Amino acid sequence: MSSISELYDVSWEEMRDKLRKWREENYRNSEQIVDVGEELINEHASKLGDDIWIIYEQVMIAALDCSRDDLAWSCLQELKRQFPDSHRVKRLAGMRLEALERYEDANKLYDSILQDDPTNTAARKRKISILRAQGKSSEAIRELNEYLEQFVGDQEAWHELSELYINEHDYAKAAFCLEELMMTNPHNHLYCEQYAEVKYTQGGLENLELARKYFAQALKLNNRNMRALFGLYMSASHIAASPKVSAKVKKDNVKYAAWATSQISRAYQMAGRGKKENKCSVKAVEEMLESMQITMS
Amino acid sequence: MAGPELLLDSSIRLWVVLPIVFITFFVGILRHYVTQLIHNDKKVDLQQVSDSQVLLRSRILRENGKYLPKQSFAMRKHYFNNPDTGFFKKVKRKVIPKNPMTDPSTLTDMMKGNLTNVLPMILIGGWINWAFSGFVTTKVPFPLTLRFKPMLQRGIELISLDASWVSSASWYFLNVFGLRSMYTLILGQDNAADQSRIMQDQMTGAAMAMPPDPNKAFKSEWEALEIVEHKWALENVEEELMCQDLNFRGLFI
């Protein structure tokens with residue numbers, strides 16, 4: 001079994017920089033992290049200097065993802081030896097207990113952290129994820145709401161709450177959470193698109209209009225968001241098909257839907273340039289759009 | 001009257017002026033590290049963190065509210081500003097003015113501050129006064145009145161000497177304040193060797209760790225939020241979007 005550095009012909013500095021990039025951009029490619037990180041730790045520990053501690057943390061979390069309990073344990077031991085009283089290390093120990101499904105012990109550990117430092121957000125969030133892992137979603141929702149009452153600015157938490165509400169089919173509250181996220185990140189097209197999808201799911205004329213608007217906003221922020229393009233087509237055609245709308249609104253929406261159709265076909269044609277399956281897929285898309293199209297009366 | 005220009009021995013420059021500069025500088029750096037060693041972390045209050053985040057949310061609502069639908073914006077504004085139940089109206093934080101004399105943590109902080117800053121200054125000032133006394137060290141480039149003479153010319157008992165000629169003790173004090181910008185250059189902003197800032201803090205007398213009064217912050221945020229109106233940024237988004245074809249560059253590899 002050859003090592004990473006032989007396989008890909010990279011030096012240890014490149015491996016370390018790669019790990020840093022993954023860490024800073026929050027990648028979750030745990031298997032790769034485990035492979036690269038394990039080799040760095042075993043072969044090049046002395047050259048890494050103080051970087052090694054953060055690499056231990058990163059590799060440990062990745063090892064928990066891949067069920068590599070041996071590696072996680074050894075990383076944890078090293079960190080405990082270096083930082084005996086650290087809350088951050090305690091949280092990692094708690095995460096390992098969670099991975100072993102020893103939720104009671106993990107909870108006790110997190111409670112001890114919180115007793116020491118009531119403002120520690122990491123421990124509180126881990127407790128909520130334990131509830132989620134155990135499937136107790138209503139309690140998780142309640143705890144998360146309490147957490148957010150105190151830490152209103154935690155965007156990760158708002159996103160988690162919106163996911164929980166969507167799973168419970170409480171779309172109104174999920175929309176509220178996504179609005180918080182849109183407010184703090186007005187240029188993130190993904191939040192706009194998710195919000196539009198929730199509004200579309202809620203249904204009803206006003207919500208469909210809002211959905212159409214936010215799909216359009218997502219497209220404006222990022223022209224390549226195909227999901228938003230399809231969403232725009234769907235919401236526009238639904239509004240046009242609804243019997244309660246005025247003629248002007250209907251005409252506008254038909255125009256929007258037609259424009260969306262043209263853009264979709266353009267996209268599929270560009271995608272299939274030079275490939276012989278192109279004609280089939282373009283035809284399939286056109287047929288699909290026609291079948292969804294509402295005939296105008 | 002412009003007195004005769006004195007010619008000072010160049011060894012004064014070598015053995016007095018420069019050593020005083022170096023001594024002041026290194027003592028300052030030493031003070032910075034010692035302060036960091038005996039400094040204890042401030043305990044953060046949960047309530048303060050929570051309040052600061054709420055204020056931040058209100059500010060973001062004012063700035064980015066135009067991206068939300070009208071009703072959502074109204075709902076949030078109502079939550080904050082409603083005359084009866086609004087957050088900014090209802091929540092009053094109890095502000096306990098921290099009495100420096102009785103509160104033990106501020107007392108220890110003050111003592112540590114004194115120890116690391118005032119004590120070395122007194123010690124070294126006194127030593128320099130004793131070691132480098134009896135001669136004129138340097139001349140300040142601007143004329144001074146006679147009233148400055150006893151202050152700046154300690155140890156030099158010459159009545160007719162111009163007040164611009166100063167002793168080494170005053171050169172030391174000049175250095176203490178002058179090297180402040182050097183410390184900023186080397187140790188970065190907010191360093192503990194910056195004595196004049198600490199003296200300023202002591203003079204204002206207020207507790208240093210206190211945040212601005214949260215009630216005042218709430219009131220100003222309430223006023224700011226009252227006057228904000230919702231102008232929906234998405235009013236014409238479809239028209240703006242559809243005036244040109246979508247740019248798919250980079251979507252397909």
Side-chain angles (χ1 to χ4, degrees), chain A residues 114 117-121 148-154 175-176 178-180 182-187 191-192 195 199 206-207 209-210 212-226 228-229 232 236 252-253 255-256 258-260 262-264 266-273 275, chain B residues 41-80 87-88 91 221 225 228 230-253:
Chain A
L114 283 172
D117 177 15
T119 63
N120 190 318
T121 57
L148 277 169
E149 247 174 78
Q150 300 204 302
F151 297 99
V152 199
D154 190 338
F176 183 87
L178 286 168
E179 280 164 6
E180 287 291 320
M182 277 202 304
M183 200 165 74
T184 43
N185 304 294
H187 301 294
Y191 291 145
C192 281
Y195 180 70
K199 282 289 168 202
E206 285 168 25
N207 287 333
E209 289 221 359
L210 271 178
R212 192 196 68 220
K213 287 228 178 268
Y214 279 96
F215 276 130
Q217 171 76 347
L219 268 179
K220 200 166 130 199
L221 292 171
N222 179 0
N223 272 346
R224 299 169 297 193
N225 192 335
M226 283 308 285
L229 188 52
L232 178 64
D252 283 337
N253 279 291
K255 188 178 75 169
Y256 298 149
W259 180 86
S262 68
Q263 295 302 316
I264 293 177
R266 230 187 95 228
Y268 273 91
Q269 284 186 343
M270 277 178 73
R273 264 179 317 204
K275 301 205 187 94
Chain B
D41 289 314
K42 284 203 194 62
K43 265 289 170 104
V44 187
D45 187 22
L46 181 60
Q47 184 105 156
Q48 282 178 17
V49 169
S50 181
D51 283 345
S52 59
Q53 290 203 353
V54 169
L55 286 170
L56 190 65
R57 179 173 176 229
S58 165
R59 203 187 81 207
I60 289 190
L61 180 65
R62 276 188 287 128
E63 287 173 14
N64 292 339
K66 59 184 197 261
Y67 295 108
L68 297 181
K70 197 177 185 90
Q71 182 155 39
S72 314
F73 177 81
M75 181 162 54
R76 287 171 168 84
K77 183 169 165 183
H78 197 251
Y79 164 73
F80 280 124
F87 184 83
F88 288 142
V91 170
E221 196 59 45
L225 195 52
V228 164
H230 179 257
K231 191 175 173 342
W232 202 22
L234 272 69
E235 200 67 56
N236 298 319
V237 62
E238 288 106 341
E239 305 302 323
E240 290 164 15
L241 179 65
M242 295 185 191
C243 51
Q244 53 181 322
D245 271 345
L246 294 179
N247 180 5
F248 290 127
R249 190 184 53 198
L251 181 54
F252 312 111
I253 306 170

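Residue numbering restarts at 1 for every chain, and letters A, B, ... go by the order of the sequence lines. Source: prediction; values computed, not measured.
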If you take all heavy atoms of A/Leu229 and B/Phe248, which pair is closest and at what distance? CD2-CZ, 4.3 Å
Given A/Cys192, A/Ala175, A/Gly153, A/Pro186, the one with more heavy-atom pairs under 4.5 angstrom with chain B than any other is A/Pro186
Atom CD of residue position B/Gln71 - does it have more than 12 heavy atoms of other residues, nucleotides or ligands inside 6.0 Å? no
Enter the distance from B/Arg76:CZ to A/Phe176:CZ here, rounded to the nearest 0.5 Å. 4.0 Å
So, the part of B/Glu235 with a heavy atom under 4.5 Å from chain A: the answer is backbone
Rounding to 0.5 Å, atoms CE (A/Met182) and CG (B/Leu68) come to a distance of 5.5 Å
When the 4.5 angstrom heavy-atom criterion is applied to B/Leu234 and chain A, the contacting part is both
Beyond-backbone contact of B/Tyr67 with A/Met183, side-chain heavy atoms, under 4.5 angstrom: no
To the closest 0.5 Å, what do you measure between CG (B/Leu246) and CG (A/Leu219)? 5.5 Å
More than 12 heavy atoms of other groups within 6.0 Å of B/Glu240 CD: yes
Validation row: A/Tyr214, B/Pro69 side chains within 4.5 angstrom (heavy atoms): yes
The test is side chain to side chain contact (heavy atoms under 4.5 Å, CB included); show your working for B/Phe73 and A/Glu179 and say whether it passes. CA-CA 9 Å; B/Phe73 177 81; A/Glu179 280 164 6; over 6 Å; no
Could you give the distance from OG (B/Ser72) to CG (A/Leu178), rounded to the nearest 0.5 Å? 11.0 Å
Against chain A, label B/Glu239 side chain, backbone, both or neither, depending on which of its atoms sit under 4.5 Å from a heavy atom there. side chain
Nearest 0.5 Å, what's the CZ-OG distance between A/Phe151 and B/Ser52? 9.5 Å
Is any side-chain heavy atom of A/Gln150 closer than 4.5 Å to one of B/Gln47? no
Using a 4.5 Å cut-off on heavy atoms from C-beta on, say whether the side chain of A/Glu149 contacts that of B/Val54. no
Using a 4.5 angstrom heavy-atom cutoff, name the option from A/Lys213, A/Arg212, A/Gln217 with the most pairs to chain B. A/Lys213
Rounded to the nearest 0.5 angstrom, the CG-CG distance for A/Asn223 and B/Leu241 is 7.0 Å
Measure the shortest side-chain to side-chain distance between B/Glu238 and A/Phe215 over non-hydrogen atoms and say whether it is less than 4.5 angstrom. no
Looking only at B/Leu61, B/Asp245, B/Asp51, B/Val237, the option with the highest number of non-hydrogen pairs under 4.5 Å against chain A is B/Asp245
Minimum heavy-atom separation for A/Pro118 and B/Leu46, please, with both atom names. O-CD1, 4.1 Å
